Each structure stands twice: as structure tokens, then as C-alpha cells.
**Q** 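Below you'll find the structure I mean.
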Amino acid sequence: MSHILVLYYSRYGATAEMARQVARGVESTSLTARLRTLPPVSTICEATADSIPESGPPYATTEDLRDCAGLALGSPTRFGNMAAPVKYFLDGTSSLWLGGALAGKPAGVFTSTSSLHGGQETTLLSMMLPLLHHGMLITGLPFSETDLLHTRSGGTPYGPSHLAGTESNLPLTDEERRLCHALGKRLAETAAKLARGRD
Ligand SMILES: Cc1cc2nc3c(=O)[nH]c(=O)nc-3n(C[C@H](O)[C@H](O)[C@H](O)COP(=O)(O)O)c2cc1C
């Protein structure tokens, strides 16, 4: 069976750490995680970045997305919404939309913010919209993940979140880390169940 794509943009590293935890959750099952990042959007028209980042996972291609069995999509919160590089990448997926390539595949979202009430939920909900247009099946987090009841930092039923602080340097709390793990595991298990249903 194909991979779960863990696709994220991160400028300061908080969303990247969340992505690694989501990937561990995926790999606690029989599925593999494909970790991919996105380049920043340049303010200079026609500027191009190297196709391989200096460090970390490779940049995502639309083929990574087309071929996945499920998607975990992560973005820092920017003014209560997803960051431009994530939106820019999604805006380039019309050919997948036309062919229904993502329809029926499970997807979940995660975000990091500097402030606790600075738009985690709005960002997560806005990230779901293009995925719903693609026909993806959105999987949040159920309250049977009891960390949702006790967290004093991030963690929402709409998806994992992280309070990185004003310096963007707070580590993931145990609750935040477990909720990232839970999303990855849930996506992988859902993808496997859906695949069995198609057999
Ligand atoms: C342009 C811009 C807008 C931001 N908007 C918000 C916001 O609306 N709410 C918030 O809490 N943090 C906001 N932040 C802070 C980032 O969401 C936060 O630093 C995040 O943890 C960065 O993730 P990263 O380490 O993966 O880059 C903003 C940062 C930038 C640069």
C-alpha cells in the first residue's frame, strides 16, 4: 500500500517538529510516512529555489500528493490562516482535482502558533476547505484522545496544534506530541481500512 504524505511548511521549525511526530504515528502502523516540505514563496517574481532544500526532507511534488493513501498537512498560523507556501502549493493541484485523484482519501491538518488564542482553530478549519474540495475525508481527533481534555497548551478536535510562544521556541508538550502521534496513527489506520474496503 502507498504512503501517508506528511506535508508541511515551517519557517522556524515548530511545524517541522510536529510533522516528525505525525510521521512517527503513521509508522507505528504498517504504513510508511513520506515527509515532504515546501519552499517559501518568494517576493521576487520568477525567483526559484534549489529543488532540494539545504537540510531536512525534500520539497513535495504533486506526484507525492497524487500517489498518497492519505495526507497530513501542516502549516504555521499566519494571521489566523495557513501560510502562503501551503496555499500556493494547493493552488497548483487543479490537475489532481480534475481527475479526482484525492477523492475518498483521508486527510488531517495541524498547525503551530505563537499565541494560544491566535487562530489555531481558524487555521485548521481553513486548511480543511481545499481538501474538502478535493473530496478528501477529513479526520480530526476524537475526545477519546484524553489529552484533548487536559492540555493547557495546544491540541484541538480539529487537529493537533502547538503553542510555540512568541520566540517560536517552546518544545512540544507531552500532550501536543501524543496528539500529533494520534493523528498520524489515525490517518494510517483509516487509509488501511479504506483500502481493505476496496479489495
Ligand atoms: C506573518 C506572520 C503571521 C503570523 N500570524 C500569527 C497568528 O495569527 N497567530 C499566532 O498565534 N501566531 C502567528 N504567527 C506566529 C507563527 O504562527 C508561529 O511563530 C509559528 O509557531 C511558526 O511556526 P514554524 O516554527 O513552523 O515556522 C505569525 C507569524 C508570521 C511570520
Side-chain angles (χ1 to χ4, degrees), residues 4-27 33-45 47 49-61 64-65 68 71-92 107-131 140-141 147-148 151-184 187:
I4 300 293
L5 180 62
V6 182
L7 171 61
Y8 70 94
Y9 172 71
S10 181
R11 181 160 174 192
Y12 302 110
T15 314
E17 179 55 20
M18 295 183 80
R20 286 190 284 274
Q21 297 299 329
V22 172
R24 283 190 192 177
V26 171
E27 301 216 323
R34 185 179 292 182
L35 204 56
R36 292 289 183 271
T37 189
L38 293 166
V41 173
S42 174
T43 52
I44 303 170
C45 292
D50 286 343
S51 57
I52 300 173
E54 278 181 17
S55 61
Y59 292 134
T61 64
D64 290 322
L65 189 55
C68 74
L71 169 69
L73 183 66
S75 173
T77 287
R78 293 277 165 91
F79 302 119
N81 210 316
M82 75 184 93
V86 179
K87 182 67 163 54
Y88 184 78
F89 179 79
L90 291 173
D91 284 359
V109 292
F110 56 97
T111 191
S112 173
T113 59
S114 62
S115 59
L116 191 52
H117 302 290
Q120 294 189 345
E121 283 94 342
T122 56
T123 300
L124 294 171
L125 291 171
S126 71
M127 291 171 74
M128 293 176 188
L129 300 181
L131 305 183
L141 290 168
D147 286 315
L148 286 179
T151 179
R152 290 177 173 273
S153 49
T156 85
Y158 314 104
S161 59
H162 168 50
L163 172 63
T166 47
E167 302 300 319
S168 210
N169 61 359
L170 295 178
L172 295 186
T173 63
D174 288 344
E175 289 86 358
E176 290 172 339
R177 184 177 42 73
R178 283 194 292 264
L179 291 168
C180 287
H181 195 279
L183 179 71
L187 280 171

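Indexing begins at 1, ligand by ligand and atom by atom, following the structure's order. Note that the structure is a prediction, hence the values are computed from the model and not measured.
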**Q** When you measure from atom 23 (O) of ligand 1 to every protein heavy atom, which one gives the shortest distance, and what is it?
**A** P76 CB, 3.4 Å
**Q** Among all protein heavy atoms, pick the one closest to atom 19 (O) of ligand 1 and tell me residue, atom and distance.
**A**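 For this ligand atom, the closest protein heavy atom is S168 OG, 3.2 Å.
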**Q** For atom 18 (C) of ligand 1, grab the closest protein heavy atom and report residue, atom and distance to one decimal in Å.
**A** S114 N, 3.6 Å
**Q** Checking a contact table here: which protein heavy atom is nearest atom 9 (N) of ligand 1, and how many Å away?
**A**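 Result for atom 9 (N) of ligand 1: G118 O, 2.7 Å.
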**Q** If you measure every N/O of Y9 against every N/O of ligand 1, is any gap under 3.5 Å?
**A** no
**Q** So which heavy atom on N81 is nearest to which on S126, and how close?
**A**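 Looks like OD1-OG, 3.0 Å.
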**Q** What do you reckon, does G80 put a non-hydrogen atom under 4.0 Å from ligand 1?
**A**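 So G80 counts as touching ligand 1.
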**Q** So if I count the atoms of ligand 1 from 1 in the order they appear, which ones are less than 4.0 Å from some heavy atom of R11?
**A**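 Close to R11: 24 (P), 26 (O), 27 (O).
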**Q** Within a 6.0 Å radius of atom CZ on R78, are there more than 12 heavy atoms belonging to other residues, nucleotides or ligands?
**A** yes
**Q** Would you compute the distance between atom CG of N169 and atom OH of Y12 and round it to the nearest 0.5 angstrom?
**A**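 Atom-to-atom, N169:CG and Y12:OH are 12.0 Å apart.
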**Q** Once rounded to the nearest 0.5 Å, what's the spacing between atom CG of L7 and atom OG1 of T37?
**A**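 OG1 of T37 is found 7.5 Å from CG of L7.
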**Q** Could you pull out, from G165, S112, S75, S161, the option with a heavy atom nearest to atom 21 (O) of ligand 1?
**A**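 It is S112 that holds the nearest heavy atom.
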**Q** Looking only at protein heavy atoms, identify the closest one to atom 5 (N) of ligand 1 and say how far it is in Å.
**A**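 Checking every protein heavy atom, the shortest distance to atom 5 (N) of ligand 1 gives F79 N, 2.8 Å.
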**Q** Quick one: which ligand 1 atoms are inside 4.0 Å of a heavy atom on A164?
**A** 21 (O)
**Q** Go through ligand 1 atom by atom and flag the ones less than 4.0 Å from a non-hydrogen atom of S10.
**A**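 Counting from 1, the qualifying ligand atoms are 24 (P), 25 (O), 26 (O), 27 (O).
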**Q** Ligand 1 and A14, any nitrogen or oxygen pair closer than 3.5 angstrom?
**A**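 The answer is yes, given that A14 and ligand 1 share an N or O pair closer than 3.5 Å.
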**Q** Could you tell me which atoms of ligand 1, counted from 1 in the order shown, lie closer than 4.0 angstrom to a heavy atom of G13?
**A** 24 (P), 25 (O), 26 (O)
**Q** Ignoring hydrogens, what is the shortest heavy-atom contact between A60 and R36? Give both atom names and the distance.
**A**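 Where A60 meets R36 most closely, the heavy atoms are CB-CB, 3.7 Å.
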**Q** Heavy atoms only: give me the nearest P130-L90 pair and the separation to one decimal.
**A** CG-CD1, 3.7 Å
**Q** I need the atoms of ligand 1 closer than 4.0 Å to a non-hydrogen atom of T15, numbered in the order shown.
**A**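 Within the 4.0 Å cut-off of T15, ligand 1 contributes 23 (O), 24 (P), 26 (O).
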**Q** Considering the options T111, T77, T113, which one meets the side chain to side chain donor-acceptor pair (under 3.5 Å) requirement together with T123?
**A** T77
**Q** Under the side chain to side chain contact (heavy atoms under 4.5 Å, CB included) rule, what do Y9 and T15 come out as? Steps first, then yes or no, please.
**A** CA-CA 7 Å; Y9 172 71; T15 314; over 6 Å; no
**Q** Specify the closest pair of heavy atoms between R152 and L116, including all atoms of both residues, with the distance to one decimal.
**A** O-CD2, 4.1 Å
**Q** Do we see a donor-acceptor contact under 3.5 Å between the side chains of T151 and E175?
**A** no
**Q** Give me the nearest non-hydrogen protein atom to atom 1 (C) of ligand 1 as residue plus atom name, then the distance to 0.1 Å.
**A**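 Result: R78 CD, 3.4 Å.
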**Q** Of all heavy-atom pairs between L163 and S115, which one has the smallest distance, and what is that distance?
**A** CD1-C, 3.5 Å
**Q** How close does the nearest protein non-hydrogen atom get to atom 13 (C) of ligand 1, and which residue and atom is it?
**A** T77 O, 3.4 Å
**Q** Considering only protein heavy atoms, which is closest to atom 11 (O) of ligand 1, and at what distance to one decimal place?
**A**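 So the nearest neighbour among protein heavy atoms is S115 OG, 2.8 Å.
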**Q** Going by the atom numbers of ligand 1, which of them fall below 4.0 Å from some non-hydrogen atom of Y12?
**A** 24 (P), 25 (O), 27 (O)
